[in-house]
Amino acid sequence: MTTPAVRPSLPRRGLAARLPATVDRRVRLFAWLSFLSEVLIIGTGGAVRLTGSGLGCPTWPTCTPESLVPTPEMGIHGVIEFGNRTMTGLVGILAVLVLVLIWRFRRQRRDLFVLACIVLGGVVAQAVIGGITVWTGLNPFIVGFHYVASLLLVCVTAAFLVFAYEPAGPRVRTVQRGFAALAHATSAALALTIVFGVITTGAGPHSGDADAGRNGFNAELLEHVHAWPSYALFALTVALVIASYRTRFGGRRWVVALLAIELVQIGVGLYQARNGLPALSVGAHMVLAALTAAAMTVVLLRMKRREPLEQTAAA
């Protein structure tokens, strides 16, 4: 009696085997989606505030004490607020997917792994901060912190994208100290502009709800204070553009992009200041601030380049 031949069993392809072994199109695609979602949620968060829907869902994590979702009697404000909460879920899913996609090569690309963990942790923290914002009746200082935290996540996802297009290896500076000092001074002016902008908004008319309080500062005075670092930012950015062409800086197109965004931002700022802060222009101002911060992040990171591991080992 002949024994039937036994076929060798093929190894099962588990999830880990299907994941990328290095940065590929899938990683970059979801990294872009994660970045765009972080910018988009700033826009939807602005819509919540600018339409007076900040307490459209008066409780957290549920929309009402009895319902997870808004009820018909809550009207459009409940829909807008709940829509922004739904966006948080999308942002979180994308953050998880990016982390999963880089999991297989997390040791080789520790930089990407750390940034992905920061984004995921930041999304969770942002959800909690959003809940605290609701519990405190839209305290303007917490609302401002909520916005700044969102900006930081935009910067982190932008940094992830920069690194995702670079090979593994140590990063070395490629610009002179004077150029680096100018770039960091520009980023400091941007940070001050954003901080004073947030404080100014907290004193202005767009509180997110008719019963929400303001921070008590003089809004008209703060508008002028907010403008001072923005003037410095624009002047420093112009100087940075000139320096980037004189030194043949590899990231000069991003410096030009930074200047272009600032010019649009200045135009929007002047329009809203002269027309009584229309809600749509304020929302555009918020999103443009996020794009400005992202462009500044790319400029700073482009001041260094990667040395491939093979070249480092040979040295």
Side-chain angles (χ1 to χ4, degrees), residues 31 35 38-39 42 110-112 114-119 122 144-145 147-167 169-201 222 224-266 268-269 285-307:
F35 168 75
E38 293 290 356
V39 176
I42 287 179
R110 186 172 176 80
D111 54 344
L112 295 179
V114 170
L115 290 175
C117 289
I118 291 173
V119 173
F145 178 73
Y147 175 71
V148 171
S150 296
L151 280 181
L152 291 176
L153 285 177
V154 168
C155 293
V156 175
T157 52
F160 187 100
L161 278 169
V162 172
F163 292 164
Y165 284 90
E166 294 180 348
R171 304 182 79 242
V172 294
R173 195 176 70 185
T174 59
V175 297
Q176 296 177 352
R177 289 184 179 180
F179 185 92
L182 178 60
H184 287 298
T186 306
S187 66
L190 174 59
L192 284 174
T193 303
I194 290 173
V195 169
F196 281 113
V198 170
I199 298 173
T200 303
T201 303
L222 281 173
H224 296 288
V225 176
H226 170 51
W228 298 337
S230 66
Y231 295 150
L233 170 63
F234 178 70
L236 288 167
T237 305
V238 171
L240 195 62
V241 169
I242 296 171
S244 67
Y245 277 91
R246 285 184 174 177
T247 60
R248 298 183 181 276
F249 173 49
R252 58 183 175 270
R253 65 176 181 172
W254 286 105
V255 183
V256 173
L258 174 65
L259 179 62
I261 298 170
E262 287 178 17
L263 286 171
V264 178
Q265 181 75 309
I266 290 170
V268 173
H285 207 54
M286 294 171 61
V287 174
L288 285 168
L291 295 177
T292 306
M296 188 75 249
T297 300
V298 177
V299 170
L300 293 176
L301 293 178
R302 288 296 185 192
M303 293 193 300
K304 291 185 178 182
R305 63 174 173 81
R306 298 273 183 177
E307 285 193 346

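Note that this is a predicted model, so its numbers are computed, not measured.
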Participant: If I compare all heavy atoms of I42 with all of A290, which pair ends up nearest, and what's the gap?
Facilitator: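 Residues I42 and A290, closest heavy atoms: CD1-CB, 3.6 Å.
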Participant: Return yes if some donor-acceptor pair links the side-chain N/O of T200 with the main-chain N/O of L222 below 3.5 Å, else return no.
Facilitator: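 Yes, the answer is positive, given that a donor and an acceptor are paired below the 3.5 Å cut-off.
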Participant: Quick one: list whatever passes side-chain contact (heavy atoms from CB on, under 4.5 Å) with V195, sequence neighbours left out.
Facilitator: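 V195: side-chain contact (heavy atoms from CB on, under 4.5 Å) contacts with I199.
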Participant: If only atom types and distance count, is the side chain of R252 paired as donor or acceptor with the main-chain N or O of Y245 below 3.5 Å?
Facilitator: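 No, because the side chain of R252 does not come within donor-acceptor range (under 3.5 Å) of the backbone of Y245.
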Participant: For R253, look at atom CZ and say whether over 12 heavy atoms of other residues, nucleotides or ligands are found less than 6.0 Å away.
Facilitator: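 Result for CZ/R253: open.
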Participant: Please give me the minimum heavy-atom distance between P167 and R306, naming the atom from each residue.
Facilitator: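 Looking at all heavy atoms of both residues, the shortest contact is O-CD, 3.2 Å.
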Participant: Are any non-hydrogen side-chain atoms of V175 and T247 less than 4.5 angstrom apart?
Facilitator: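 A side-chain contact under 4.5 Å is absent here.
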Participant: Treating R302 as the side-chain partner and V255 as the backbone partner, does any N or O pair qualify as donor plus acceptor under 3.5 Å?
Facilitator: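 Judged by distance alone, no pair lies under 3.5 Å.
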Participant: Which atoms form the tightest heavy-atom contact between M303 and A183, and what is the distance?
Facilitator: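 Answer, listing the atom of M303 first, then A183: SD-CB, 3.7 Å.
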Participant: Take atom CZ of F179 as the centre, draw a 6.0 Å sphere, and report whether it contains more than 12 heavy atoms from other residues, nucleotides or ligands.
Facilitator: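 Atom CZ in F179 is crowded, with more than 12 foreign heavy atoms closer than 6.0 Å.
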Participant: Do you know the tightest heavy-atom contact between A294 and C155?
Facilitator: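 Between these two residues, the closest heavy atoms are N-SG, 4.5 Å.
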Participant: H285 vs H226 aromatic rings, parallel, tilted or perpendicular, using cut-offs 30° and 60°?
Facilitator: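 Plane angle over 60°, so perpendicular.
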Participant: Begin with the C-alpha distance, continue with both residues' side-chain angles, and end with the deciding distance and a verdict on side-chain contact (heavy atoms from CB on, under 4.5 Å) for R305 and V172.
Facilitator: CA-CA 6 Å; R305 63 174 173 81; V172 294; 4.1 Å; yes
Participant: For F160 and D111, what are the C-alpha separation, side-chain angles and deciding distance, and is it a side-chain contact (heavy atoms from CB on, under 4.5 Å)?
Facilitator: CA-CA 8 Å; F160 187 100; D111 54 344; over 6 Å; no
Participant: Mark yes when over 12 heavy atoms from residues, nucleotides or ligands other than R171 sit less than 6.0 Å from its CZ; otherwise mark no.
Facilitator: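 Counting neighbours around CZ of R171, more than 12 heavy atoms of other residues, nucleotides or ligands fall under 6.0 Å, so yes.
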Participant: So which atom in L190 and which in A293 form the shortest heavy-atom distance, rounded to 0.1 Å?
Facilitator: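 Heavy atoms only, the tightest pair is CD2-CA, 3.9 Å.
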Participant: Please report the interatomic distance OH(Y147) to CG(L152), rounded to the nearest 0.5 Å.
Facilitator: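 If I round to the nearest 0.5 Å, the distance is 11.0 Å.
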Participant: Is there a side-chain contact (heavy atoms from CB on, under 4.5 Å) between T193 and T292? Walk through the geometry before answering.
Facilitator: CA-CA 11 Å; T193 303; T292 306; over 6 Å; no
Participant: Taking all non-hydrogen atoms of both residues into account, name the closest pair between T186 and L236 and its distance.
Facilitator: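 Smallest heavy-atom distance, with atoms named: OG1-CB, 3.5 Å.
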Participant: Tell me which pairs pass side-chain hydrogen bond (donor to acceptor under 3.5 Å, both in side chains) where either residue lies in residues 149-163, with sequence neighbours left out.
Facilitator: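 Only Q126-S150 qualify under side-chain hydrogen bond (donor to acceptor under 3.5 Å, both in side chains).
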